[in-house]
Amino acid sequence: IFSKRKKLGTFIPKLRTRRTKQRMKKLCMWKSLSTTRQLSHAPTTVLTTRRRTLSSSSSFDIKNVTKSNFESALKDLRGLLRDADFVAVDLEMTGVTSAPWRESFDYDRYDISYLKVKDSAEKFAVVQFGVCPFRWDSHKQSFIAHPHNFYIFPRQEIPGSNQSREFLCQTTSLDFLAKYQFDFNLCVREGISYLSRSQEKEALERISSIYMDESSDSVFGLSEDADFPLVRMADVLFAERMKNTIREWRDSLLSKGSSSSEIKQISTDPSQRFQMVFFKTRPGLALSDFTSRQLRVIKAVTKKHFKDLAYIRVAGEATSPQQLIVYTDSNDDRNLLMKEVKDGLRKDAEMKVESAVGFRHVIDLLSSKRKLIVGHNCFLDVAHMYSKFIGPLPSTAEDYVSSLQKLFPTIVDTKILLNANGVFRQTLNKSNTSLSRAFVSICPHIALGIKTSSLADRPCVEVEVQVDEKRSSNWNSGAKHEAGYDAFMTGCIFAQACNHLGIDFTLHVLGGDLVKETKLQNYINRLYLSWVSGNVIDLSSGKCTPDSSASSNLKSRYQDISFPSIILLWGLPSKLKAKEIRACIAQAFGPNSVSSVYHLDESAVFIQFSKPELVSKFLELKETLSRNSDPISVLHPLSNILNGENTHAATYDVYQQICSSSISKKLFADQAEAVGIKHKTVSSRAERGKKGNQVFDEETDVRMFDEKADDLMSSPYGCSETDRSAESFYLDEALASK
């Protein structure tokens, strides 16, 4: 075998002749041609994938940031945000809606839409936060992007604060995250915790209130432990032994003839439970390996029997505090010692609060740098940023917008930008403006590696990606639906959209502010409050208007909605269809009385009447039918949709009241009951009972209501005479059968 290998080894160099090289060259050319022919018969997507793979040889992972590398990443991010022209953000959450009826509906007024977003931001957690600063390089005529993917988790970081972090999880959202390989273990174990500004303020105020107490004993609990009852024999024996040990150490300390080595030998027991130390140049004993009950006994013994010794608790190297017995020369020295201890503990507590701020430092950076923030359909994202890192969301959209403007003065929603531009809508087939689809359509040179543009023959905006020391002009991590990569896609779409609008990036970099660009003014601070209803809120003015650029179908539906003509009906019989509800109401109020019926869920519906005055008539008639059980009431057409005492009706304002509650029941009927809307009918009778300064009492109100109800019962219920005759016929038939 060895000889054959040797012969083979001597034979290989002889292959390297000119004739052999020519044969090998022809063979390679034939294989290349064969491969090309095979690829030519493959689908187009395969060609695109192959092209992207070949051109992305320098691809690398996104920068993932956890608590282990957060400090260094934050330091680098400060410089990147300082030099950035704009910053794209994106969030991944544990859910979106806490109940089916809290989803966005066509019938949601703008204040209702805000309340639903508020509920979502308050109940669900943010598990990933993507931040991607973009800086224009005038020399290369391209953007440089720095995508960061932060894992965050609301961990309890302040000991003894009783700070309970709770959040909801929606199974569909978790399944979605798992589908795209979200690392839940990394998030929980290594996620960066945080404190909001309001939480930090509360923690510091709590620390200040504790340490502002002039009595040191009350701060450290010495007055309580001095009267610690020694009811057990074990406690009595232990107290006597500790008293002798402490007295021995103290006497040896005060003995003039004892050297420091002798004192240390006397005061140190073999079990290492007492250790000679110095605290602030004062001699002392460090206590270790004692139970909490034993420490309380030692406190009581020290306080009662040794006036020149002080029992103190100081911050230790580990998480638990260190217990010391320290010798003091006088009462003044003792007071000074206690003040030093209090100051040290207060400083340590404040440092723990500062450390617990965590990821909120990133939000503070974004706010302080006053950079242009770019997101995609980002109203919910921004609400999460406020709720998690600033404080509780205001109760109204107007107050929220006012507070938000002080924190982030300029925000651009790329969904608004794409939907408002005719060329973009045509590129996206006028309907789908999802982030991933928009990225492929608007930025194919980045998403697919295709060096062409479909936007009116404008050249593509090049984007280089830099992660630490790695840099690529054709980067694609492939981590779709990862917050950092989604932020990168959002920023690329914005850059390409600005290029299509004719914005000269070099000019604005020299000018120092992209926000001042006049071509962007129609898109800045305009966010979709609800994409379903087409509501757009202007963060600068607080006004909410229908989106004039929305699709014609959505726009026409919104214009048909009249909120004063809507009632809310819940507690209906199960499996009742909208057409059945419409038919019953039409029999009572006429064939054209109902414009539309819309289900919130299986237990509640919106009913929009053709006229606002029909709302009060329906509520009054419904109340009368609920109170009466005579044959006419039982056989009335509305009785088919009323479920006795369980059916309730109200005006649209009650819907707002129910949505504002922090309670979230699965069914709307259960939600209304939990909120306290238990009365069968809620209308505007209270307002109608007031004329000027005259207020009717409950008895007068009921009497007036009964008179109106009687009028309605004696009238044809708003129906034609034929309908009333039909009802009489049904009544006669029913009585005859009985």
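Everything numeric in this text was worked out from a predicted model, so none of it was measured.
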Q: Can you tell me how far CG of Leu174 sits from SG of Cys169, rounded to the nearest 0.5 angstrom?
A: 5.0 Å
Q: Any chance NZ of Lys67 has more than 12 other-residue heavy atoms, nucleotides or ligands included, within less than 6.0 Å?
A: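 More than 12 heavy atoms, drawn from other residues, nucleotides or ligands, come within 6.0 Å of this atom.
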Q: Below 4.5 Å, heavy atoms only, C-beta onward: do Cys187 and Phe182 meet side chain to side chain?
A: yes
Q: Give the C-alpha distance, both sets of side-chain angles, the deciding distance and a yes or no for side-chain hydrogen bond (donor to acceptor under 3.5 Å, both in side chains) between Thr506 and Gln141.
A: CA-CA 8 Å; Thr506 302; Gln141 291 293 296; 3.2 Å; yes
Q: State, to 0.1 Å, how close Ala483 and Asn149 come at their nearest heavy-atom pair, and which atoms those are.
A: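 In terms of heavy atoms, the two residues are closest at N-OD1, 3.5 Å.
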Q: Taking the side chain as every heavy atom from C-beta outward, state whether Asp486 and Glu92 have any pair of such atoms under 4.5 Å apart.
A: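 Yes, at least one pair of side-chain atoms sits under 4.5 Å.
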Q: Using atom types as modelled and distance alone, determine if a side-chain donor or acceptor of Ser367 lies under 3.5 Å from a backbone N or O of Leu407.
A: yes
Q: Keeping Asn69 on the side-chain end and Asn64 on the backbone end, is there a donor-acceptor pair under 3.5 Å?
A: yes
Q: Check the pair Ser402 / Asp399 against side-chain hydrogen bond (donor to acceptor under 3.5 Å, both in side chains), numbers first and verdict last.
A: CA-CA 5 Å; Ser402 177; Asp399 293 339; over 6 Å; no
Q: Of all the heavy-atom pairs spanning Ser173 and Thr94, show the shortest one and how long it is.
A: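 Smallest interatomic distance, heavy atoms only, reads CB-O, 3.5 Å.
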Q: Hey, what do you get for CG (Asp108) to CG (Leu115), rounding to the nearest 0.5 Å?
A: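 The distance works out to 9.5 Å.
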Q: Would you indicate whether the side-chain heavy atoms of Phe184 and Leu177 approach each other to under 4.5 Å?
A: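 Leu177 vs Phe184: side chains touch.
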Q: Could you check whether the rings of Phe488 and Trp475 sit parallel, tilted or perpendicular, using 30° and 60° as the cut-offs?
A: perpendicular
Q: Does Glu71 pair with Lys75 as a salt bridge, N-O distance under 4.0 Å?
A: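 Not counted as a salt bridge, because no side-chain N and carboxylate O are separated by less than 4.0 Å.
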Q: Within this structure, what is the OG-NZ distance for the pair Ser198 and Lys201, rounded to the nearest 0.5 Å?
A: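 Spacing of OG (Ser198) from NZ (Lys201) equals 9.0 Å.
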Q: Using the side chain to side chain contact (heavy atoms under 4.5 Å, CB included) rule, take Leu77 and Phe150 through it: C-alpha gap first, then chi angles, then the decisive distance, then the call.
A: CA-CA 12 Å; Leu77 189 62; Phe150 292 88; 4.0 Å; yes
Q: Of all heavy-atom pairs between Leu380 and Met93, which one has the smallest distance, and what is that distance?
A: CD2-CE, 3.6 Å
Q: Which heavy atom of Ile561 sits nearest a heavy atom of Gln608, and at what distance?
A: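 Answer, listing the atom of Ile561 first, then Gln608: CA-OE1, 3.7 Å.
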Q: Apply ring pair (Phe, Tyr, Trp, His ring centres under 6.0 Å) to Phe606 and Phe105, showing your working.
A: CA-CA 11 Å; Phe606 283 123; Phe105 297 135; 7.1 Å; no
Q: Which of these, Thr410, Leu514, Val412, sits in a side-chain contact (heavy atoms from CB on, under 4.5 Å) with Phe86?
A: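 Checked Thr410, Leu514, Val412 against Phe86; only one passes side-chain contact (heavy atoms from CB on, under 4.5 Å): Leu514.
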Q: Take Asp111 and Arg109, measure what salt bridge (Lys or Arg N to Asp or Glu O under 4.0 Å) needs, and give me the verdict at the end.
A: CA-CA 6 Å; Asp111 55 336; Arg109 203 167 53 197; 2.9 Å; yes
Q: Quick one, Phe379 with Tyr528, criterion ring pair (Phe, Tyr, Trp, His ring centres under 6.0 Å). Give me CA distance, side-chain angles, the key distance, then yes/no.
A: CA-CA 6 Å; Phe379 189 84; Tyr528 275 115; over 10 Å; no
Q: Are the side chains of Asp653 and Phe563 in contact, using a 4.5 Å heavy-atom criterion?
A: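 They are not in contact (no side-chain heavy atoms under 4.5 Å apart), so the answer is no.
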Q: Thinking salt bridges, do Asp119 and Lys123 make one under a 4.0 Å N-O criterion?
A: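 A salt bridge links Asp119 with Lys123.
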Q: Within this structure, what is the CD-OG distance for the pair Glu103 and Ser98, rounded to the nearest 0.5 Å?
A: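 If I round to the nearest 0.5 Å, the distance is 10.0 Å.
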Q: Once you round to the nearest 0.5 Å, how far does NZ of Lys371 lie from CG of Leu81?
A: 8.0 Å
Q: Is the shortest distance from a Lys or Arg side-chain nitrogen in Asp364 or Arg197 to a carboxylate oxygen in the other one below 4.0 Å?
A: yes
Q: Quick check: do Val96 and Gln170 have side-chain heavy atoms less than 4.5 Å from each other?
A: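 Heavy-atom side-chain distance check passes, below 4.5 Å.
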Q: Got a sec: does the CG of Asp61 have more than 12 other heavy atoms crowding it under 6.0 Å?
A: no
Q: Does the side chain of Val127 reach to within under 4.5 Å of the side chain of Ile152, using non-hydrogen atoms?
A: no
Q: Passes side chain to side chain contact (heavy atoms under 4.5 Å, CB included), Phe167 versus Phe124? Steps please.
A: CA-CA 5 Å; Phe167 58 87; Phe124 295 99; 5.8 Å; no
Q: For the pair Asp85 and Leu372, evaluate side chain to side chain contact (heavy atoms under 4.5 Å, CB included) and give the outcome as yes or no after the intermediate values.
A: CA-CA 7 Å; Asp85 295 297; Leu372 173 64; over 6 Å; no
Q: Do NZ/NE/NH1/NH2 and the carboxylate oxygens of Asp413 and Arg526 come within less than 4.0 Å?
A: no
Q: Aromatic rings Tyr655 and Phe668: how do their planes relate, parallel, tilted or perpendicular, breaks at 30° and 60°?
A: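 Plane angle between 30° and 60°, so tilted.
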Q: Would a distance-only check, ignoring hydrogens and angles, find a side-chain to backbone donor-acceptor pair under 3.5 Å from Ser661 to Ile658?
A: no
Q: With the side chain counted from C-beta on, respond yes when Leu568 and Tyr107 share a heavy-atom pair under 4.5 Å apart, and no when they do not.
A: no
Q: Does a side-chain N-to-carboxylate-O contact under 4.0 Å join Lys140 and Glu462?
A: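 The answer is no: the pair does not qualify as a salt bridge.
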Q: Less than 4.5 Å apart, any side-chain heavy atom of Glu122 and any of Leu393?
A: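 Yes, their side chains come closer than 4.5 Å.
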Q: From Cys132 SG over to His146 NE2, what is the distance, rounded to the nearest 0.5 angstrom?
A: 8.0 Å
Q: Parallel, tilted or perpendicular: which fits the ring planes of Phe129 and Phe359, with parallel below 30° and perpendicular above 60°?
A: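 Ring orientation of Phe129 relative to Phe359: tilted.
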Q: Could you tell me which non-hydrogen atom of Ala88 sits nearest to which non-hydrogen atom of Phe134, and how far apart they are?
A: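 Taking Ala88 first and Phe134 second, the nearest heavy atoms are CB-CE1, 4.2 Å.
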Q: Crowded around Arg370 CZ? As in, over 12 foreign heavy atoms under 6.0 Å?
A: yes
Q: State, to 0.1 Å, how close Val117 and Leu529 come at their nearest heavy-atom pair, and which atoms those are.
A: CG2-O, 4.3 Å
Q: Do side-chain atoms of Ser368 reach the backbone of Leu365 as a donor and acceptor pair under 3.5 angstrom?
A: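 At least one qualifying donor-acceptor pair exists.
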Q: Without swapping roles, check the side chain of Lys519 against the backbone of Gly502 for a donor-acceptor pair under 3.5 Å.
A: yes
Q: Indicate whether any N or O donor in one side chain lies under 3.5 Å from an N or O acceptor in the other, for Ser664 and Arg102.
A: yes
Q: Would you say the side-chain atoms of Thr172 and Asp175 include a donor-acceptor pair closer than 3.5 Å?
A: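 Per modelled atom types, Thr172 and Asp175 side chains form no pair under 3.5 Å.
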Q: Check whether any side-chain N or O of Glu398 sits under 3.5 Å from a backbone N or O of Lys543 as a donor-acceptor pair, and report yes or no.
A: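 Judged by distance alone, no pair lies under 3.5 Å.
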Q: Evaluate ring pair (Phe, Tyr, Trp, His ring centres under 6.0 Å) for Tyr114 paired with Tyr110, printing each intermediate quantity in order.
A: CA-CA 6 Å; Tyr114 169 73; Tyr110 82 94; 9.1 Å; no
Q: Could you check Asp381, Thr414, Asp90 and say which one makes a side chain to side chain donor-acceptor pair (under 3.5 Å) with His376?
A: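 Checked Asp381, Thr414, Asp90 against His376; only one passes side chain to side chain donor-acceptor pair (under 3.5 Å): Thr414.
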Q: Is it true that Glu200 and Arg360 have a side-chain N and a carboxylate O under 4.0 angstrom from each other?
A: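 Counted as a salt bridge, because a side-chain N and a carboxylate O are separated by less than 4.0 Å.
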Q: Walk me through it: do Val374 and Val89 pass the test side chain to side chain contact (heavy atoms under 4.5 Å, CB included)?
A: CA-CA 6 Å; Val374 180; Val89 298; over 6 Å; no
